[in-house]
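Computed over heavy atoms, backbone and side chain alike; hydrogens, waters and symmetry mates excluded.
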Amino acid sequence: MATTDKHTPEAALYTTAPPAARREYVGVDVGLRVFLFATTLTGIIVMSTAKQTVLTPVPGVPGLVVPIEAKFDNSPAFLYYLAALSVACLYSIITTLASLGVIAKPTYAAKFLFYYAIWDVLIMGLVVAATGSAGAVAYVGLKGNKHTGWGKVCHVYGTFCKHIGSAVAMSLISSIVLVLLIMVSIWSLYIRARKAQ
C-alpha cells in the first residue's frame with residue numbers, strides 16, 4: 001500500500017545534512033582562527049626583532065665611524081603595528097576558545113556567529129590600518145621619496161628592512177584570514193536564516 005507521508009528518504013537526508021554542514025563550518029571557523037593566531041603572532045615576533053646596527057662614517061672626520069641603529073620602535077607606525085597585531089592575536093585566542101565552546105554547546109551558535117561577524121570586521125579594520133601604515137613607512141625606506149628629500153635606507157639596513165617586509169606580509173595574510181572568517185560567519189548566518197523561513 002502506497003503511503004502519502006511526505007517524509008521521503010530525500011527529505012530525511014536534507015534534515016540530517018545541515019548539522020553536519022554546521023559542524024564543518026565551525027571546524028573551518030576554528031581552523032581559520034588558529035591560523036589567524038599563528039600569522040599575527042609571527043608578525044609580532046618578526047616586527048619586534050627588527051633591528052640592525054651599522055657603522056657609518058662621520059662626514060668631515062676621516063677614519064671616524066659611529067654605530068647607528070635602526071629599530072622598530074623608532075617609528076610610530078611600527079609601534080601601532082605591534083599594538084594592532086597584539087590585539088588581533090589576543091582576539092584570535094579568545095574567539096578560538098569561544099568557537100570550541102560552540103562545538104561543545106551549539107545552542108548559542110547563531111548568537112556567536114552574529115557577534116563574530118561584527119567583531120571580525122572591527123579587528124580586520126585594525127589590522128588593515130596597521131598593515132597600511134607599516135607598509136607605507138617600509139616603502140619609503142625601500143624607495144625613498146625625492147619630492148620630500150627622504151632617502152632610501154634599505155640598501156644600508158638590509159636585515160632590518162627584510163624583517164619589516166616579512167612582518168607586513170604576515171599582517172596582509174592575517175587580513176585575508178579575517179576576510180575569510182567574515183565570509184564564513186555571514187554564510188553560516190545566511191544558511192540559518194534560509195532554514196528558518
Side-chain angles (χ1 to χ4, degrees), residues 17-50 72-73 75-142 161 163-197:
R22 258 183 259 143
R23 277 195 294 275
E24 287 174 17
Y25 290 142
V26 173
V28 168
D29 183 75
V30 170
L32 285 172
R33 290 184 190 285
V34 169
F35 189 55
L36 177 64
F37 169 75
T39 56
T40 53
L41 183 63
T42 304
I44 291 166
I45 292 169
V46 172
M47 179 63 82
S48 61
T49 57
F72 72 92
D73 60 359
S75 170
F78 297 153
L79 291 174
Y80 172 66
Y81 173 95
L82 277 178
L85 259 70
S86 297
V87 169
C89 188
L90 178 63
Y91 172 76
S92 69
I93 294 169
I94 293 168
T95 55
T96 299
L97 294 174
S99 291
L100 290 172
V102 167
I103 290 174
K105 200 167 189 181
T107 53
Y108 299 109
K111 246 184 206 178
F112 273 94
L113 287 170
F114 177 71
Y115 292 134
Y116 283 168
I118 293 171
W119 281 100
D120 288 348
V121 169
L122 292 173
I123 296 297
M124 186 189 72
L126 192 66
V127 171
V128 166
T131 304
S133 64
V137 173
Y139 183 80
V140 170
L142 180 66
C161 287
H163 273 253
I164 300 299
S166 299
V168 169
M170 291 313 296
S171 63
L172 185 60
I173 293 169
S174 299
S175 302
I176 293 168
V177 171
L178 281 161
V179 169
L180 293 174
L181 280 167
I182 293 164
M183 290 170 65
V184 167
S185 296
I186 291 174
W187 179 253
S188 298
L189 284 171
Y190 171 74
I191 295 294
R192 286 173 179 270
R194 289 264 319 213
K195 283 185 195 202
Q197 292 176 348

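- Two residues are said to be in side-chain contact when any heavy atoms from C-beta on lie closer than 4.5 Å; Asp120 and Arg33 meet this criterion.
- By the 4.5 Å heavy-atom criterion applied to side chains, Met47 and Leu85 are not counted as neighbours.
- In this structure the side chain of Thr39 reaches within 4.5 angstrom of the side chain of Leu36, judged on heavy atoms.
- Residues satisfying the side-chain hydrogen bond (donor to acceptor under 3.5 Å, both in side chains) test with Ser99, not counting sequence neighbours, are Asp29, Tyr116.
- Expressed to the nearest 0.5 Å, how far OG of Ser185 lies from CD1 of Ile118 amounts to 10.5 Å.
- For the pair Val168 and Gly135, the tightest heavy-atom approach, listed with the atom from each and the gap, is CG2-N, 3.9 Å.
- With sequence neighbours excluded, the residues satisfying side chain to side chain contact (heavy atoms under 4.5 Å, CB included) with Tyr190 are Trp187, Arg194.
- For the atom pair CZ (Phe35) and OG (Ser174), the distance works out to 8.0 Å, reported to the nearest 0.5 Å.
- Leu178 contributes atom CG, which lies 8.5 Å from atom OG1 of Thr40 (distance to the nearest 0.5 angstrom).
- A donor-acceptor contact shorter than 3.5 Å is absent between the side chain of Ser75 and the backbone of Phe72.
- Here the OG1 atom belonging to Thr95 is positioned 8.5 Å from the CD1 atom belonging to Ile123, to the nearest 0.5 angstrom.
- Scanning both residues, Val177 and Leu32, for their nearest heavy atoms gives CG1-O, 3.4 Å.
- With a 6.0 Å radius and a threshold of 12 heavy atoms from other residues, nucleotides or ligands, Tyr139 has its OH atom at or below the threshold.
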>> Evaluate Leu180 against Val184 for side chain to side chain contact (heavy atoms under 4.5 Å, CB included), listing each step before the verdict.
In response: CA-CA 6 Å; Leu180 293 174; Val184 167; 5.5 Å; no
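- Here the closest heavy-atom approach between residue Ser133 and residue Ala77 is recorded as O-CB, 3.8 Å.
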> Passes side chain to side chain contact (heavy atoms under 4.5 Å, CB included), Leu142 versus Cys161? Steps please.
Replying inline: CA-CA 8 Å; Leu142 180 66; Cys161 287; 5.9 Å; no
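- If you take CZ on Phe37 and CG on Leu90, they are separated by 10.0 Å, rounding to the nearest 0.5 Å.
- Residues passing the disulfide (SG to SG under 2.5 Å) test with Cys89, sequence neighbours excluded: none.
- Considering every non-hydrogen atom in both Val46 and Ala167, the closest pair reads CG1-N, 3.8 Å.
- Among all heavy-atom pairs drawn from Tyr80 and Ala129, the shortest one is OH-CB, 3.5 Å.
- How far NE2 of His163 is from CZ of Phe78: 12.5 Å, rounded to the nearest 0.5 Å.
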